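Remarks on the structure that follows.
If you're wondering where the values come from, they're calculated on a predicted model, not measured in any experiment. Both ligands and their constituent atoms are indexed starting at 1 by order of listing.
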Amino acid sequence: MNAPGTPRPVREDPALAALAAAVLQGDAAPRRRAVAKSITLLESTRPDHRERADQLLTTLLPHTGRSFRLGISGVPGVGKSTFIEALGLDLIARGHQVAVLAIDPSSTVSGGSILGDKTRMERLSMHPQAYIRPSPSSGTLGGVAEKTREAMLVCEAAGYDVVIVETVGVGQSETAVSSMTDMYTLLQLPNAGDDLQAIKKGVMELADLVVINKADLDPHAATRAQAQIASSLRLFGLHGHPDPASHDQPLWHPQVMQLSALKGSGLDEFWQRVMRYREIQTANGQWAARRRQQALAWMWDAIHAGLRQRFSHHPAVRSALPALTGAVESGQVAASTASRQLLGLFTGESGGRPPLSV
Ligand code: GDP
């Protein structure tokens, strides 16, 4: 029997059941089409699509969670797509299956795209063991990351065992990426060390691994940058460990390394570090703890977004809003009073009383 509130099982919807089966079957070409179709369904804003999307997600969910989720960010031009393509092809050669999802904050605002053009990662995107999805073209309720989180689950269910989530380093999206991945990697240019101020402190604090790309261009600058970034990372200390003083568990220290995505040098070392990170975080329990926290944070983000939307569409709130916002602006009603009034209308706790007359 279904738990209360769980979506109807997909078997009641043959087309959806077929879609779920195609995602799960693991046969390269039909699987890629099914993954693309599923993600399109998840991105739809139509309520009937949303209902089917929830059914699909619930069916796929038991098959998710087993991939390694790698977050990568960096400013435009740092070499993200060159790096991801080289790494992706390398991983496929070692027997992995790789999905790449993008969070593009520019698409939320303008419908335009810093990351979405189709020519990026051409070789990887054509590989049958890879799946690349540009970012959704319009903003979503739960912020830039909501659809990407769902897309990630579809990719995992389809058997992609490395899911790379990529974003441009221009704001909130770095936090979004680190909050949905197992490891967050920041790409830097060799001259970054000369101007450490330019690296946003908050972003640096999120990084589990900083990679200085294009080391081939200026090896000296890259080495200088590595030393400077390493010392600032030491200041930020240990990652995600509640008590750095307890040394009975292995701990991961954020690291910095250099490579050249264009020449393909350093990719092996990069993956070795990723695997070491995974080992340590699994052994000390941080891996599972991070995933649990992320799932709950995702739920709360979605609740807050849903509440905001319901609030702004609520008929009583909408009709009282112009007068109350005017009264707050002109100083006749305190902001806190107005907010209580509006929330009362929203929850029905105002008992049908009209809002304070202004
Ligand atoms: P993105 O905007 O971060 O995705 O950056 P791209 O991957 O598109 O790279 C921007 C430019 O930098 C391209 O012309 C790449 O060929 C070049 N590039 C990327 N990685 C390297 C590298 O390791 N060394 C050198 N010399 N150039 C690189």
Side-chain angles (χ1 to χ4, degrees), residues 70-92 98-110 112-127 130-137 144 148 162-178 181 183-195 198-200 203-204 206-226 229 255-274:
L70 179 66
I72 293 179
S73 79
V75 294
V78 69
K80 291 180 296 302
S81 45
T82 311
F83 176 61
I84 293 170
E85 176 158 78
L87 177 70
L89 291 169
D90 208 50
L91 291 175
I92 288 172
V98 179
V100 183
L101 305 170
I103 295 182
D104 184 349
S106 68
S107 65
T108 325
V109 184
S110 62
S113 183
I114 304 177
L115 288 170
D117 62 286
K118 296 227 162 51
T119 55
R120 300 173 83 238
M121 302 180 231
E122 212 162 342
R123 280 166 57 225
L124 185 62
S125 64
M126 275 160 25
H127 201 290
Y131 176 79
I132 298 184
R133 180 84 177 186
S135 49
S137 58
V144 286
T148 309
V162 178
V163 179
I164 296 175
V165 184
E166 173 197 14
T167 195
V168 220
V170 292
Q172 285 301 306
S173 56
E174 294 101 335
T175 320
V177 169
S178 89
T181 52
M183 182 175 195
Y184 176 66
T185 308
L186 179 65
L187 255 59
Q188 287 286 338
L189 292 166
N191 62 5
D194 297 339
D195 188 11
I199 306 170
K200 282 166 271 158
V203 173
M204 195 65 129
L206 295 173
D208 300 301
L209 179 60
V210 178
V211 172
I212 299 163
N213 188 34
K214 306 197 187 183
D216 59 296
L217 286 182
D218 188 344
H220 293 299
T223 302
R224 223 173 29 246
Q226 181 168 2
I229 292 173
Q255 297 181 359
V256 52
M257 62 170 291
Q258 12 175 325
L259 55 73
S260 166
L262 193 66
K263 301 219 171 340
S265 60
L267 289 174
D268 259 3
E269 187 194 334
F270 173 82
W271 195 246
Q272 276 165 19
R273 290 194 194 220
V274 171

For [Y], does its backbone N or O pair with a side-chain atom of [X] as donor and acceptor, under 3.5 Å?
X: Lys80; Y: Gly74; answer: yes
X: Glu166; Y: Val100; answer: no
X: Gln258; Y: Ile212; answer: no
X: Lys214; Y: Gln188; answer: no
X: Asn213; Y: Ala261; answer: yes
X: Thr82; Y: Leu262; answer: no

Location of contacts on Val78 toward ligand 1, heavy atoms closer than 4.0 Å: both
query: Taking non-hydrogen atoms only, is Thr82 closer than 4.0 angstrom to ligand 1 via side chain, backbone, both or neither?
result: both
Is there any N or O on [X] that sits under 3.5 Å from an N or O of ligand 1?
X: Ala215; value: no
X: Gly77; value: yes
X: Ala261; value: yes
X: Glu166; value: no
X: Lys263; value: no
X: Leu259; value: no

With a cut-off of 4.0 Å, which atoms of ligand 1 are near a heavy atom of [X]?
X: Val75; value: 3 (O)
X: Asp216; value: 22 (C), 23 (O), 24 (N), 25 (C), 26 (N)
X: Leu262; value: 16 (O), 20 (N), 21 (C), 22 (C), 23 (O), 24 (N), 25 (C), 26 (N), 27 (N), 28 (C)
X: Ser260; value: 22 (C), 23 (O), 24 (N)
X: Lys80; value: 1 (P), 2 (O), 3 (O), 4 (O), 5 (O), 7 (O)
X: Pro76; value: 2 (O)

task: For side chain to side chain contact (heavy atoms under 4.5 Å, CB included), just list the numbers for Val162 and Leu87, CA-CA rounded to whole Å, side-chain angles, deciding distance to a tenth of an Å, and then say yes or no.
output: CA-CA 11 Å; Val162 178; Leu87 177 70; over 6 Å; no
query: Which residues satisfy the salt bridge (charged side-chain N to carboxylate O under 4.0 Å, His left out) test with Asp218, sequence neighbours excluded?
result: none
- request: Under the side chain to side chain contact (heavy atoms under 4.5 Å, CB included) rule, collect the residues that match up with Glu269, sequence neighbours excluded.
  value: Met257, Arg273
